[in-house]
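A short write-up of the structure that comes next.
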Amino acid sequence: MLTVDYELLPWLKASLRASSATWKILGNSTPLLRFGLDVSFRPGEPEAGLLWTDSWDGYPVERKELMRFLLDEGIANVVSLSGDRHAHFAGMIFDDYEAEKPRAVIPEFAGASTSAGCRAKVHALEIQHDPELTPLFLSIKKASSGELQMIPTLNAWLLHGGRSAKALHETCNEEAVRKLANPRINPHLHYADTDAYGYLVASFEQDRVAAEFVTIPEPLVDSGANCPKVLRRVRYTVYRWNATDTPHLSKPDVVGEPPLFGIRES
């Protein structure tokens, strides 16, 4: 559970203002990123409900204050590294997510856990009392071979919206998923790998930061002295920017099978 220490914000601001470092790293226990959940397929429900409030989504005023401070003070090259969501995420922190034209202020990279339950599965279990929403977190179907197949529909839900996630669950038709995609859904999120286990490696150079997300299979057995198999490596780069510029994430370099509908197409 995130709690904001109101004595911490003045200290953080003063430290950022005084720093002469090329890169300033915010080590967050939970993400600054906003995670909107599109439930507009239900009458009267919003496109951007909150999936969690035990992160900075529970403290939107403080998040906006911090981002506005960075803009007002002209402090660039700040990067947030976080975790706690049991999934891989990459995206941009906006100054005001509710604004008509929000501005990207800093990037954030959130790494998955190596062994704790993945986000898609955890949520599917938590909300199994709601048969309409459960398969939008994790769709479980019987494959042609007779084995159960788990599809992380939460990727599509977060990056493309509720109707896309429903289409993925009901039809597994990729064209239908893309046709129903809503570009208004979490436009700041670039990457969502919600059934991932693994880790994040961030490398800092003079002119760039590279974040590599490494995904491994669910660790159900001890791999012993052998390293676990790597399913994929997804690498994002952000280049050094000036106070008058807007930071951008590069297109990802992907080695291995990409997460299903987990990478936003630019």
Side-chain angles (χ1 to χ4, degrees), residues 1-36 48 50-85 87-113 186-192 199-213 235-250 252 264:
M1 177 68 180
L2 173 71
T3 57
V4 172
D5 183 343
Y6 292 98
E7 297 298 321
L8 177 62
L9 283 177
W11 169 86
L12 179 57
K13 289 179 180 179
S15 299
L16 288 166
R17 187 186 289 117
S19 176
S20 61
T22 300
W23 295 101
K24 278 73 71 176
I25 305 169
L26 298 180
N28 269 299
S29 59
T30 60
L32 278 158
L33 281 166
R34 191 181 198 281
F35 295 96
L50 292 180
L51 183 52
W52 301 290
T53 55
D54 63 338
S55 65
W56 283 82
D57 273 344
Y59 301 87
V61 173
E62 290 76 13
R63 176 173 57 197
K64 185 161 59 175
E65 177 185 346
L66 181 57
M67 294 303 107
R68 176 48 54 188
F69 166 79
L70 294 175
L71 290 176
D72 290 345
E73 294 291 325
I75 300 174
N77 305 309
V78 179
V79 176
S80 177
L81 301 178
S82 66
D84 189 61
R85 296 298 81 172
H88 287 321
F89 293 108
M92 304 302 298
I93 313 302
F94 286 171
D95 58 343
D96 183 356
Y97 285 101
E98 304 301 328
E100 184 176 346
K101 293 183 178 180
R103 178 178 173 181
V105 183
I106 66 173
E108 181 169 63
F109 307 108
S113 67
N186 295 319
H188 57 283
L189 276 180
H190 290 239
Y191 179 52
Y199 55 92
L200 162 67
V201 178
S203 304
F204 290 80
E205 298 181 25
Q206 184 69 18
D207 66 336
R208 74 194 69 184
V209 177
E212 184 175 75
F213 296 91
R235 182 183 179 94
Y236 283 90
T237 301
V238 59
Y239 288 88
R240 184 176 175 179
W241 69 95
N242 297 317
T244 56
D245 298 331
T246 300
H248 295 281
L249 293 183
S250 68
R264 185 176 296 279

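Here the side chain of Asn77 pairs a donor or acceptor atom with the backbone of Trp241 at under 3.5 angstrom. Not a single donor-acceptor pair under 3.5 Å links the side chain of Arg264 to the backbone N or O of His188. Formation of a donor-acceptor pair under 3.5 Å by the Asp96 side chain with backbone atoms of Glu98 is found in this model. Checking side-chain atoms of Trp23 against main-chain N and O of Glu205 turns up a donor-acceptor pair under 3.5 Å. A donor-acceptor pair is defined here as one N or O able to donate and one able to accept, closer than 3.5 Å; such a pair exists between the side chain of His88 and the backbone of Ala112. Of the possible polar contacts, none joining the Arg208 side chain to the Thr237 backbone as a donor-acceptor pair under 3.5 Å is found.
In terms of the salt bridge (Lys or Arg N to Asp or Glu O under 4.0 Å) criterion, residue partners of Arg68 (sequence neighbours excluded) are, by chain and number, Asp72, Asp95.
Using a 4.5 Å cut-off on side-chain heavy atoms (C-beta onward), His248 and Val238 make no contact. Leu26 places a side-chain heavy atom less than 4.5 Å from the side chain of Val78. Two residues are said to be in side-chain contact when any heavy atoms from C-beta on lie closer than 4.5 Å; Val201 and Ser203 meet this criterion.
Taking the six-membered ring for Trp, Phe109 and Tyr236 have ring centres at least 6.0 Å apart. Close placement of the Phe89 and Phe35 rings is indicated, their centers lying within 6.0 Å of each other.
The line from CH2 of Trp11 to CG of Leu16 is 8.0 Å long, rounded to the nearest 0.5 Å. Atom CG of residue Leu9 and atom CZ of residue Phe69 lie 10.0 Å apart, to the nearest 0.5 angstrom. How far CE of Met92 is from CE of Met67: 10.0 Å, rounded to the nearest 0.5 Å. In this structure, Asp57 CG and Leu51 CG are separated by 8.5 Å, a value rounded to the nearest 0.5 Å. For the atom pair CZ (Arg63) and OG (Ser55), the distance works out to 7.0 Å, reported to the nearest 0.5 Å.
Closest non-hydrogen pair, Ala76 versus Ala243, comes out as CB-N, 3.9 Å. Contact between Val105 and Pro247 at its shortest, heavy atoms only, is O-CG, 3.3 Å. Taking every heavy atom of both residues into account, Phe94 and Ala104 meet most closely at CD2-CA, 3.6 Å. In terms of heavy-atom proximity, Ile106 sits nearest to Ser80 at CD1-CB, 4.3 Å. Minimum interatomic distance between Gly83 and Pro31 (heavy atoms only, all atoms of both residues): O-CD, 3.4 Å. Contact detail for Ala21 and Ser19: the closest heavy-atom pair is N-OG, 3.1 Å.
Tested against Trp56, the residues Leu33, Ile93, Asn28 include a single side chain to side chain contact (heavy atoms under 4.5 Å, CB included) partner, Asn28.
Judged by the 6.0 Å distance and 45° axis criteria, Arg85 is positioned over the aromatic ring of Trp52.
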Give the intermediate values and the outcome of side chain to side chain contact (heavy atoms under 4.5 Å, CB included) for residues Leu71 and Arg103.
CA-CA 10 Å; Leu71 290 176; Arg103 178 178 173 181; 3.6 Å; yes

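Checked for salt-bridge contact, Glu108 and Arg34 miss the test: no charged N lies under 4.0 Å from a carboxylate O.
Residues Thr30 and Asp84 bring no donor and acceptor atom of their side chains to less than 3.5 Å of each other.
Within 6.0 Å of atom NZ in Lys13, more than 12 heavy atoms from other residues, nucleotides or ligands are found, so the atom counts as buried in its surroundings.
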